[in-house]
**Q** 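Before we start, here is the structure in question, set down as structure tokens.
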Amino acid sequence: MISMVSILFITSNEHKVEEANRILSQFGIQLEMFPQKKIEIQSKSLLKIAKYAAHMAAKRLKSPVLVEDSGLFIRALKGFPGPFSSYIHETIGCEGVLKLLSGIEDRYAVFKCAVAFCSPSLGLNTFQGRSIGRISLNMRGQAGFGFDPIFVPHGEELTFAEMLPEQKDRFSHRGAALRAFGSWLSSKSMAKP
Ligand code: ITT
């Protein structure tokens, strides 16, 4: 059972931890929150940011670590806020993003997630997931975090914040990336990370 092995999730965002543990529970994997802001290089690539942070954390902590970097990429804003999603959410928030898009018909957006896992025995491995959808016209729903009240996955009517947690996981960028990680780690046949 992989849950016996401790994997540190380097993040300051407890919502991410809650989602990750819900998604990974089906693989018998449990992450332990290591509540620290990850070391973020200046890059437009979520993958590069996650890889560097995981490498540095594993080196420092000498333990299996997982880092994830995620962001919302809005087509009409040429991919903004993308890698700056955390800062933009803290500053202008969902309301600010809706204002930037007011009067704009093209609401296409993609949530992306890059996961980097680094362990002494398995090295550095990465996994990615995305959720294609659109930015709603108003904020809707109370669940989740971040931009959940304004993101509607493709083919759906509800925002992530209006969905039940497991429903969001099915459509989410984090769900896709972490399921890829979970099946990969399981395929290492319970190898000690
Ligand atoms: P750590 O870096 O400490 O892990 P963070 O919240 O700063 O935490 P990111 O740098 O990856 O994480 O920023 C991602 C931001 O994108 C996050 O703060 C949210 O505003 C937004 N975001 C990411 N995933 C989301 C999701 O599933 N639902 C809503 N917003 C999300």
Side-chain angles (χ1 to χ4, degrees), residues 7-24 31-58 61 65-74 77 79-98 100 109-118 126-136 139-154 156 158-179 181:
I7 299 173
L8 302 177
F9 187 3
I10 315 296
T11 180
S12 58
N13 186 331
E14 53 195 27
H15 298 283
K16 283 186 176 182
V17 183
E18 191 185 321
E19 287 193 6
N21 277 332
R22 201 167 58 223
I23 296 158
L24 291 173
L31 306 179
E32 189 187 324
M33 182 175 185
F34 195 80
Q36 183 174 303
K37 198 76 194 150
K38 60 189 188 274
I39 301 174
E40 283 197 32
I41 51 160
Q42 199 82 51
S43 170
K44 279 191 226 148
S45 158
L46 301 183
L47 196 56
K48 278 191 191 155
I49 295 170
K51 270 167 99 168
Y52 182 80
H55 175 69
M56 293 307 282
L61 299 166
V65 300
L66 185 137
V67 167
E68 78 108 92
D69 202 54
S70 44
L72 178 63
F73 294 72
I74 302 174
L77 303 179
F80 183 83
F84 312 111
S85 293
S86 183
Y87 179 68
I88 293 306
H89 186 264
E90 275 166 36
T91 52
I92 65 172
C94 291
E95 295 91 346
V97 171
L98 288 178
L100 289 175
V110 184
F111 254 130
K112 296 183 188 173
C113 175
V115 166
F117 171 72
C118 193
T126 58
F127 308 86
Q128 297 187 76
R130 59 174 55 205
S131 178
I132 292 172
R134 64 180 190 277
I135 303 298
S136 57
M139 288 177 67
R140 287 190 270 122
Q142 304 297 326
F145 70 102
F147 297 110
D148 280 347
I150 59 169
F151 185 82
V152 181
H154 181 70
E156 299 299 307
L158 300 180
T159 66
F160 271 165
E162 292 176 306
M163 293 183 172
L164 293 171
E166 293 71 18
Q167 204 178 356
K168 175 184 172 184
D169 297 343
R170 239 186 299 135
F171 295 110
S172 85
H173 49 310
R174 185 163 298 103
L178 288 175
R179 281 190 294 273
F181 164 67

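When a ligand or atom number is given, it counts from 1 through the structure's own listing order.
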**Q** Suppose I only count heavy atoms of Lys168 and a 4.0 Å limit; which atoms of ligand 1 are within that range?
**A** 26 (C), 27 (O), 28 (N)
**Q** Could you list which atoms of ligand 1 come closer than 4.0 Å to a heavy atom of Asn13?
**A** 6 (O), 8 (O)
**Q** Heavy atom of Glu90 under 4.0 Å from ligand 1?
**A** no
**Q** So for ligand 1, is Gln36 a polar contact partner (N or O within less than 3.5 Å, distance only)?
**A**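 Such a contact does not occur with ligand 1.
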**Q** Between ligand 1 and Phe111, can you find any atom pair, the residue atom being a heavy atom, that is separated by under 4.0 Å?
**A** yes
**Q** Which option out of Lys37, His89, Glu40 puts a heavy atom nearest to atom 7 (O) of ligand 1?
**A** Lys37
**Q** Is the closest side-chain heavy-atom distance between Met163 and Arg170 below 4.5 Å?
**A**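 The answer is no, as the side chains (C-beta and beyond) never meet within the 4.5 Å cut-off.
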**Q** Hey, is CZ on Arg130 packed in by over 12 heavy atoms from elsewhere, all under 6.0 Å?
**A**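 Not buried by this count: 12 neighbours or fewer within 6.0 Å.
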**Q** Within a 6.0 Å radius of atom CZ on Phe171, are there more than 12 heavy atoms belonging to other residues, nucleotides or ligands?
**A** yes
**Q** Go through ligand 1 atom by atom and flag the ones less than 4.0 Å from a non-hydrogen atom of Arg174.
**A** 23 (C), 24 (N), 25 (C), 26 (C), 27 (O)
**Q** Just jot down the ligand 1 atoms closer than 4.0 angstrom to any heavy atom of Gly146, in number order.
**A** 20 (O), 29 (C), 30 (N)
**Q** Is it the case that over 12 heavy atoms from other parts of the model lie below 6.0 angstrom from the CD atom of Glu14?
**A** no
**Q** Taking the minimum heavy-atom distance to atom 14 (C) of ligand 1, which of Ser85, Ser131, Ser70, Gly82 ranks first?
**A**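 When every heavy atom of Ser85, Ser131, Ser70, Gly82 is considered, Ser70 comes closest to atom 14 (C) of ligand 1.
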**Q** Hey, are the side chains of Leu100 and Ile74 touching, using non-hydrogen atoms and a 4.5 Å cut-off?
**A**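 A side-chain contact under 4.5 Å is absent here.
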**Q** Considering only heavy atoms, which of His15, Lys16, Glu19 lies nearest to atom 12 (O) of ligand 1?
**A** Lys16
**Q** Could you check atom 13 (O) of ligand 1 against the protein and tell me its nearest heavy-atom contact, residue, atom and distance included?
**A**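 The closest one turns out to be Ser86 CB, 3.4 Å.
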**Q** Can Phe147 be said to touch ligand 1, with heavy atoms closer than 4.0 Å?
**A**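 In this structure, Phe147 qualifies as a contact of ligand 1 - some heavy atom is under 4.0 Å.
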**Q** Only heavy atoms of Thr11, strictly under 4.0 Å: list the atoms of ligand 1 that pass.
**A** 1 (P), 3 (O), 4 (O), 8 (O)
**Q** Which option, Met33, Lys38, Glu14, owns the non-hydrogen atom nearest atom 2 (O) of ligand 1?
**A**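 When every heavy atom of Met33, Lys38, Glu14 is considered, Lys38 comes closest to atom 2 (O) of ligand 1.
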**Q** With a 4.5 Å cut-off on side-chain heavy atoms, are Leu24 and Phe9 touching?
**A**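 No - every pair of side-chain heavy atoms lies 4.5 Å or more apart.
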**Q** Any idea which protein heavy atom is nearest atom 28 (N) of ligand 1, and the distance to it?
**A** Asp148 OD1, 2.6 Å
**Q** Side chains of Ser70 and Glu68: is there a donor and an acceptor less than 3.5 Å apart?
**A**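 A pair is found: one side chain offers a donor N or O, the other an acceptor, under 3.5 Å apart.
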**Q** Can you tell me if Asp69 has a non-hydrogen atom under 4.0 Å from ligand 1?
**A** yes
**Q** Ignoring hydrogens and geometry, is there a side-chain-to-backbone donor-acceptor pair from Ser131 to Phe111 under 3.5 Å?
**A**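 Flag not set: sc Ser131 to bb Phe111 has no pair under 3.5 Å.
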**Q** Give a yes or no on this: more than 12 heavy atoms of other residues, nucleotides or ligands lie within 6.0 Å of atom NZ of Lys51.
**A** no
**Q** Among Lys48, Lys38, Arg174, exactly one meets salt bridge (charged side-chain N to carboxylate O under 4.0 Å, His left out) together with Asp69. Which residue is that?
**A** Lys38
